[in-house]
A.B. asks: 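Please find one structure pasted underneath; my questions will follow.
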Number of protein chains: 2
Amino acid sequence: MSRSRAVAEPRRRRSADEAREAILDAAETQLRTVGPGGIRLQEVARVVGVSHPTVLHHFGSREGLVEALVARSLERIQAGLFDAVAAQPGTEGIASLLEQVSKQMKADDRARSFLWLALAGYGPGLKGLAVKPLAEAVHEVRRQKRQGSGKRLPPFEDTWFSVLLPALALLSLSVLEDQGISEFDGVRFRAWLAKLVHRHLES
Amino acid sequence: MSRSRAVAEPRRRRSADEAREAILDAAETQLRTVGPGGIRLQEVARVVGVSHPTVLHHFGSREGLVEALVARSLERIQAGLFDAVAAQPGTEGIASLLEQVSKQMKADDRARSFLWLALAGYGPGLKGLAVKPLAEAVHEVRRQKRQGSGKRLPPFEDTWFSVLLPALALLSLSVLEDQGISEFDGVRFRAWLAKLVHRHLES
DNA sequence: TTCGTTATCGACAAGACTGTTCATAACGAT
DNA sequence: ATCGTTATGAACAGTCTTGTCGATAACGAA
């Protein structure tokens with residue numbers, strides 16, 4: 001007996017990779033809103049338009065899905081940071097660099113995802129995010145700039161903290177920018193912070 | 001028929017307030033580790049040593065428990081901040097103020113709880129935390145200091161951002177200090193940050 | 001077209017979690 | 001000591017969630 005169905009839509013069959021990406025996309029929106037612990041197979045499947053056993057078929061288990069999602073999210077966050085830095089080679093444009101970074105972190109709410117993951121204990125925390133290598137690069141530029149003038153080069157720790165500070169601030173800011181801090185204040189704050197850090201690096 | 005029991009421990013009956021506090025304490029440890037969405041009645045009850053209907057009796061529902069917990073947590077965080085500031089009246093000791101605040105936020109992992117709540121959409125975000133009033137107080141001190149000297153008083157926004165910056169940084173730092181940043185670096189970073197902010201406020 | 005692979009789904013299973021009900025017993029008040 | 005209030009727990013119900021299994025059909029390859 002043929003089951004009476006609405007219009008009997010034909011079953012769509014994506015390639016394994018396509019299906020995985022679509023599923024990860026749906027899971028990512030859940031990650032942003034309810035965190036890794038709140039991801040539900042049924043909800044993910046519903047959004048994608050498949051049944052939940054299909055999700056299990058592609059990722060083995062719920063934990064498998066979450067791990068794949070974590071890996072992809074961290075990769076994208078890191079890649080975004082890398083792009084932002086690569087687009088701003090000089091040390092002069094710290095303001096625009098901060099805006100670039102902020103923009104990247106805002107894309108797909110990456111800062112939110114990162115904090116969710118950090119809180120939930122997934123991922124390697126800041127260690128995974130290559131902020132220390134970035135600090136080393138900045139330090140090198142700083143050294144060359146000091147070459148000519150008579151100013152002494154501060155210890156590496158000073159540069160490292162100077163890079164760490166905006167990173168930490170931007171992270172919190174991205175979460176609180178939705179609630180309690182207006183976007184307008186956010187823009188002004190980042191500009192103010194950029195000037196502060198720039199002045200410190202130069203002095 | 002009397003059910004065969006181990007030793008038939010006598011039922012303990014706490015006062016309603018005592019029971020509520022004990023239950024909230026247990027729920028708070030879960031909040032720190034798995035976030036508000038991860039709180040489980042059975043787990044809370046198990047830790048307290050009661051049955052889970054008892055928890056429901058005192059809070060009506062799971063959501064009632066979470067709301068009560070959120071309220072108590074935010075109150076404590078705010079009170080902790082207030083204490084830290086009250087214990088450091090001058091603007092001179094910004095370094096020790098930062099350490100005080102950091103200490104308060106570390107007590108009971110309050111920064112963690114706050115970020116969990118902010119991410120999950122509970123609580124009024126930063127608006128609830130009276131950081132703007134604190135900025136106003138700092139600004140007043142700044143004005144009086146500038147009175148005698150010939151220096152111009154910067155706009156309030158500058159003071160407000162100067163207070164906001166350590167707040168944001170400390171928030172992120174408290175989460176990442178467990179993973180990726182050693183506690184030693186945390187202490188040095190806070191000292192460095194205090195000096196930076198102090199120099200900025202004076203200049 | 002034919003065939004093999006496998007993405008997909010329906011149905012079911014097992015457990016977890018919240019919430020309800022009713023009986024019981026602990027504690028304070030008189 | 002007696003009594004009323006109510007904190008407490010055992011048992012049960014209903015829903016949600018992950019995971020399994022077998023059947024089916026879509027797509028690529030031949």
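Below, chain A is the first sequence line, B the second, and so on; all start at residue 1. What you see below is based on every heavy atom in this structure, not just the backbone, and it leaves out hydrogens, waters and symmetry mates. Note that this is a predicted model, so its numbers are computed, not measured.
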A.B. asks: Scan residues 162-174 of chain A for pairs that pass salt bridge (Lys or Arg N to Asp or Glu O under 4.0 Å), counting only residues two or more places apart or in two chains.
C.D. replies: none
A.B. asks: From CD1 of B:Ile39 over to C1' of C:dA16, roughly how many Å is that when rounded to an integer?
C.D. replies: 17 Å
A.B. asks: How would you list, by chain and number, every residue that makes a salt bridge (charged side-chain N to carboxylate O under 4.0 Å, His left out) with A:Arg188, sequence neighbours excluded?
C.D. replies: B:Glu157
A.B. asks: Starting at CG of A:Asp17 and ending at P of D:dC27, how long is that distance when rounded to a whole Å?
C.D. replies: 16 Å
A.B. asks: Under 4.0 Å, counting only non-hydrogen atoms across every strand here, what does A:Gly49 touch: a base, just sugar-phosphate, or nothing?
C.D. replies: sugar-phosphate
A.B. asks: For the residue pair B:Ser172 / A:Ser172, report whether a side-chain donor-acceptor contact shorter than 3.5 Å exists.
C.D. replies: yes
A.B. asks: Looking at A:Thr54, does any N or O in its side chain come under 4.0 Å of the phosphate oxygens OP1/OP2 on C:dC9?
C.D. replies: yes
A.B. asks: Can you check whether A:His58 has a side-chain N or O nearer than 4.0 Å to OP1 or OP2 of C:dT8?
C.D. replies: yes
A.B. asks: Rounding to a whole Å, what distance do you find between B:Arg40:CZ and C:dG19:C1'?
C.D. replies: 15 Å
A.B. asks: Check the distance between D:dT8's C1' and B:His57's NE2 and give it to me in whole angstrom.
C.D. replies: 8 Å
A.B. asks: A:Ala16 side chain: which of C:dC9, D:dA7, C:dA7 is closest?
C.D. replies: C:dA7
A.B. asks: Which atoms of nucleotides 19-23 of chain D (N or O only) lie under 3.5 Å from a protein N or O atom, and what are those distances?
C.D. replies:
{"residue": "D:dG19", "atom": "OP2", "partner": "A:Arg62", "partner atom": "N", "Å": "2.7"}
{"residue": "D:dG19", "atom": "N7", "partner": "A:His52", "partner atom": "NE2", "Å": "3.0"}
{"residue": "D:dG19", "atom": "O6", "partner": "A:His52", "partner atom": "NE2", "Å": "3.1"}

A.B. asks: With B:Asp108, which residues qualify under salt bridge (charged side-chain N to carboxylate O under 4.0 Å, His left out), at least two apart?
C.D. replies: B:Arg110
A.B. asks: To the nearest angstrom, how far is A:Glu18 atom CD from C:dT6 atom C1'?
C.D. replies: 15 Å
A.B. asks: Would you please name every residue forming a salt bridge (charged side-chain N to carboxylate O under 4.0 Å, His left out) with A:Arg46, sequence neighbours left out?
C.D. replies: A:Glu43
A.B. asks: Going through the distances and angles, do B:Trp160 and A:Trp192 end up as a ring pair (Phe, Tyr, Trp, His ring centres under 6.0 Å)?
C.D. replies: CA-CA 11 Å; B:Trp160 149 238; A:Trp192 175 89; over 10 Å; no
A.B. asks: How would you list all residue pairs meeting ring-ring contact (aromatic ring centres under 6.0 Å, His included) that involve residues 20-63 of chain B, not counting sequence neighbours?
C.D. replies: none
A.B. asks: List for me each residue that meets salt bridge (charged side-chain N to carboxylate O under 4.0 Å, His left out) alongside B:Asp158, sequence neighbours excluded, and say none if there are none.
C.D. replies: B:Arg142
A.B. asks: Side chain of B:Gln42 only, heavy atoms from C-beta on: which candidate in D:dT18, D:dA26, C:dC17 is closest?
C.D. replies: C:dC17
A.B. asks: Write down the distance between CZ (B:Arg20) and C1' (D:dT8), rounded to a whole number of angstrom.
C.D. replies: 16 Å
A.B. asks: Within the pair A:Ser51 and C:dC9, is there a side-chain N or O less than 4.0 Å away from OP1 or OP2?
C.D. replies: yes
A.B. asks: Please state how far atom CZ in A:Arg13 lies from atom P in C:dA7, giving the value in whole angstrom units.
C.D. replies: 6 Å
A.B. asks: Going by the rule side chain to side chain donor-acceptor pair (under 3.5 Å), which residues pair with A:Ser96 if we only count those two or more places apart in sequence or in a different chain?
C.D. replies: A:Gln88
A.B. asks: Among residues 25-35 of chain B, which residues get a heavy atom nearer than 4.0 Å to DNA chain D?
C.D. replies: none
